[in-house]
Amino acid sequence: MENKCFIGYKILVLQKRFYYDKIALKFENASITKSWLGWIHIVTNTGFSRNKAEKRRILMSKKLICLILSLVLLSIATFAGCALPASKQKVLKISLSGSPQPHEKEYIVNNFIKGFEEKYNVKVEVDFVSQADSIKKIQSEQESKNIVSDVLLVDTANMAPYVNGGWVEDLTDIVKSSKVNLTSMFDNSIKKDGKTYFVPISFDVYITIANKQALKYLPSGLTEENVVNGLTWDQYADWAVAIAKGEGIGKTMMPANNTGSQLLYPMGGLGMAYGAKFPEFNSASFKEAMGIIAKMAAGNAFYAEQDQYTAPTDPLKSGAVWLTFAHMGPVGVAYNAAPNEYIIGPAPKGPQGAGSTAGAWCYGIQKGTKNKSLAEKFISYVLDPKVNYEYCTQMGGLLSPIKEVEAILESDDVIMLAGAKMLDTTIISGVPSTEYTDWNAVKLLYHDLFDKILTDKAVPGDQFFGDLQTKLEGLRK
């Protein structure tokens, strides 16, 4: 007679001897099934004569098999208890607003987020949405009390609805427990009534980058060293016009795409170099600054397809653009791809010095999340100086808002060092989006001005600036 028992070992008892023929263990979802385990085939009736001694030997063999099976089952239970079933793995949902470039998305998902998943043995689901859609999405979740997103990534320019609407949790205690020192540059955006609602993970200023092929067109008396130390805005404009004249095509760029617009930031920095506030349209200082754009427009210096881009990375890498004043993240991506091809310099200077806006990307926790504990762990994770340094470098060389990261910087962190150096010598303005009802509408006013200058190739009259200022004031809270 042949008896079969499906457990995991195939044991043959033949001619008073038994052998282990096969061990096949397979673990799946911490439960024991036949499909896991193979089988044990016990042959106890082999046709031999069964005297008392033979029967005793068979009985002993059965006892030994039972002992082996008990040990096998105990081992299975032990190993199965160590595995965390996928169905019980915690899931953190993060909503990232903005328009990251493809390589940035890849790093965020495959490295930055992956590091958190591995550290806490959790799953993170990332949803990339535009700034406008993010505001609508979170507002809807708050109003319906159906909270889907646990953690939010928001830029300071679009932070007002989240803070003023009470959509995010107070992070004051988490920041204190992290024991890191954050810059106070963005307190007007991330704080309210003494409480911290977002933590900045990166920020950037605007710097100059030039392709070395453009050096031959530098105005008389200027050298590469002048670019590295900082040109004046007049010298920058003259250089841009000389490049266009020499190459027969404009190769200087402003980020002129009005979707996810970034144009007001370099224009604002230019204005501050002449003494203007940010934002502002009708001051004499700002009007004078716009003469720089008019000079470049009159000299056909601008890249013809600049209205297709919110960042100069791709045109720089393709060689279509040789000169630009842009925020350091996209500039850093182009530079790091071919550092021997470019020169990095600070923001150009005007009568009042160099000027630049500075915006930050910040994480917050949505109010009402059922995943608050895990979300708090994520906030602590992004505040780790080592994690933050890696993030800033991989995103092109952004500046870290964590002061402890400064000690980690190395000599080859060219973009980060150039930006950090500017902080001590440049007129810096944060993004006062919380003072306006619709910051995107403010952005479009700068587009109207830029388009007018490019069309007329001249600075508009006072009436045009006055109308823009009136519209700006109408957006103020």
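No experiment lies behind these values; they were computed from the predicted model shown. Positions are given from 1, in the same order as the sequence printed here. Below, each value reflects all heavy atoms present in this structure, side chains not excepted, and no hydrogens, waters or symmetry copies.
Considering only heavy atoms from C-beta on, Phe286 comes within 4.5 Å of Leu449 through its side chain. Using a 4.5 Å heavy-atom threshold, the side chains of Asn440 and Asn158 count as touching. Val459 places a side-chain heavy atom less than 4.5 Å from the side chain of Phe465. Counting only heavy atoms from C-beta outward, the side chains of Phe278 and Leu264 approach each other to under 4.5 Å. Side-chain contact check for Asn188 versus Pro432: every heavy-atom pair is 4.5 Å or farther apart. In this structure, the side chains of Glu390 and Lys386 stay at 4.5 Å or more apart for every pair of heavy atoms. In this structure the side chain of Thr426 never reaches within 4.5 angstrom of the side chain of Val205, judged on heavy atoms. Side-chain contact between Thr196 and Leu182 is absent, with no heavy atoms from C-beta onward closer than 4.5 Å.
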### Task
Could you give me the CA-CA distance, side-chain angles and deciding distance for Gln366 and Gln142, then say whether side-chain hydrogen bond (donor to acceptor under 3.5 Å, both in side chains) is met?
CA-CA 9 Å; Gln366 184 172 190; Gln142 286 292 313; 3.0 Å; yes
### Message
Walk me through whether Tyr436 and Leu472 qualify under side chain to side chain contact (heavy atoms under 4.5 Å, CB included).
### Response
CA-CA 9 Å; Tyr436 295 85; Leu472 178 67; 3.6 Å; yes
### Task
Begin from the C-alpha positions of Val431 and Ser189 and carry the test side chain to side chain contact (heavy atoms under 4.5 Å, CB included) through to its verdict.
CA-CA 8 Å; Val431 179; Ser189 296; 5.6 Å; no
### Task
Check step by step if salt bridge (charged side-chain N to carboxylate O under 4.0 Å, His left out) holds for Glu435 and Arg476.
CA-CA 6 Å; Glu435 299 176 12; Arg476 191 181 292 274; 3.6 Å; yes
### Query
What do the steps show when you test Asp127 against Val148 for side chain to side chain contact (heavy atoms under 4.5 Å, CB included), and what is the final call?
CA-CA 11 Å; Asp127 184 22; Val148 177; over 6 Å; no
### Message
With side chain to side chain contact (heavy atoms under 4.5 Å, CB included) as the criterion, how do Val168 and Lys367 come out once you've worked through the C-alpha distance, each side chain's angles and the decisive distance to 0.1 Å?
### Response
CA-CA 5 Å; Val168 284; Lys367 182 169 287 187; 5.8 Å; no
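Residue Lys137 qualifies as enclosed at atom NZ: its count of foreign heavy atoms under 6.0 Å is above 12. Atom NZ of Lys421 sits in a sparse spot, with 12 or fewer heavy atoms from other residues, nucleotides or ligands closer than 6.0 Å. Within a 6.0 Å radius of CD1 in Ile249, no more than 12 heavy atoms belonging to other residues, nucleotides or ligands are found. Annotation for Asn258: atom CG counts as buried by contact number, over 12 foreign heavy atoms lying within 6.0 Å.
Leu444 CG to Lys471 NZ: the interatomic distance, rounded to the nearest 0.5 Å, is 10.5 Å. Leu409 CG to Tyr389 OH: the interatomic distance, rounded to the nearest 0.5 Å, is 6.5 Å. Taking CG from Leu92 and CG from Leu374, the interatomic distance works out to 4.5 Å, rounded to the nearest 0.5 Å. Rounded to the nearest 0.5 angstrom, Met267 CE and Tyr446 OH are separated by 7.0 Å. Note that the OH atom of Tyr342 and the CG atom of Asn336 stand 10.5 Å from one another [nearest 0.5 Å]. Atom CD1 of residue Ile428 and atom OG of residue Ser356 lie 4.5 Å apart, to the nearest 0.5 angstrom.
Thr324 places a side-chain N or O within 3.5 Å of a backbone atom of Met253 that can act as its donor or acceptor partner. At distances below 3.5 Å, at least one donor-acceptor pair connects side-chain atoms of Ser130 with backbone N or O atoms of Asp133. Under the 3.5 Å distance criterion, the side-chain polar atoms of Ser140 are left unmatched by any main-chain donor or acceptor of Lys136. Looking only at distances, a side-chain donor or acceptor of Asn211 sits under 3.5 Å from a matching main-chain atom of Gln213. Using a distance-only test at 3.5 Å, with no hydrogens or angles considered, a donor-acceptor pair links the side chain of Thr437 to the main chain of Leu475. Side-chain atoms of Asp438 come within 3.5 Å of backbone N or O of Ala441 as a donor-acceptor pair.
Remark: Tyr107 pairs with no residue by the ring-ring contact (aromatic ring centres under 6.0 Å, His included) rule, at least two apart or across chains. Taking the side chain to side chain contact (heavy atoms under 4.5 Å, CB included) definition, one finds that Thr223 meets it with Glu225, Asn226, sequence neighbours left out. The side chain to side chain contact (heavy atoms under 4.5 Å, CB included) search around Ala337 returns Lys317, not counting sequence neighbours.
Smallest separation of non-hydrogen atoms from Val199 and Val382: CG2-CG2, 4.3 Å. Here the shortest heavy-atom pairing between Ala360 and Pro200 reads CB-CB, 4.2 Å. Across all their heavy atoms, Ala375 and Val151 have their closest contact at CB-CG2, 3.8 Å. Scanning all heavy atoms of the two residues, the minimum distance from Ser429 to Met272 falls at CB-SD, 3.5 Å. Heavy-atom minimum distance, Ile453 versus Pro460: CG1-CD, 3.8 Å. Of all heavy-atom pairs between Pro348 and Thr208, the closest is CD-OG1, 3.4 Å.
Every pair passing side-chain hydrogen bond (donor to acceptor under 3.5 Å, both in side chains) that includes a residue from residues 161-179 is listed here, sequence neighbours excluded: Ser134-Tyr162, Asp170-Thr172.
Cation-pi contact between Lys119 and Tyr381: absent, since separation from the ring centre below 6.0 Å together with deviation from the ring axis within 45° is not met. Judged by the 6.0 Å distance and 45° axis criteria, Lys90 is not positioned over the aromatic ring of Tyr120.
Partner of Trp233 under the ring-ring contact (aromatic ring centres under 6.0 Å, His included) criterion, out of Tyr274, Phe325, Trp239: Phe325 alone. Paired with Tyr363 under the rule ring-ring contact (aromatic ring centres under 6.0 Å, His included), one option of Phe378, Tyr391, Phe198 passes, and it is Phe378.
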Can you give each donor-acceptor pair under 3.5 Å made by side-chain atoms of residues 287-314, sequence neighbours left out, with the distance rounded to 0.1 Å?
| residue | atom | partner | partner atom | Å |
| --- | --- | --- | --- | --- |
| Lys287 | NZ | Asp462 | OD1 | 3.0 |
| Lys295 | NZ | Asp234 | OD1 | 3.1 |
| Lys295 | NZ | Asp238 | OD1 | 3.3 |
| Asn300 | OD1 | Lys457 | NZ | 2.8 |
| Tyr303 | OH | Glu305 | OE1 | 3.4 |
| Gln306 | OE1 | Met254 | N | 2.8 |
| Thr313 | OG1 | Gln101 | OE1 | 3.4 |
| Thr313 | OG1 | Gln101 | NE2 | 3.3 |
| Thr313 | OG1 | Pro330 | O | 3.1 |

Compile the donor-acceptor pairs under 3.5 Å between side chains in residues 396-405 and protein atoms, sequence neighbours left out, one pair per line.
| residue | atom | partner | partner atom | Å |
| --- | --- | --- | --- | --- |
| Ser400 | OG | Asn388 | OD1 | 2.4 |
| Ser400 | OG | Ile402 | N | 3.0 |
| Ser400 | OG | Ile402 | O | 3.4 |
| Glu404 | OE1 | Asn181 | N | 3.1 |
| Glu404 | OE2 | Asn181 | N | 3.3 |
| Glu404 | OE2 | Asn181 | ND2 | 2.7 |

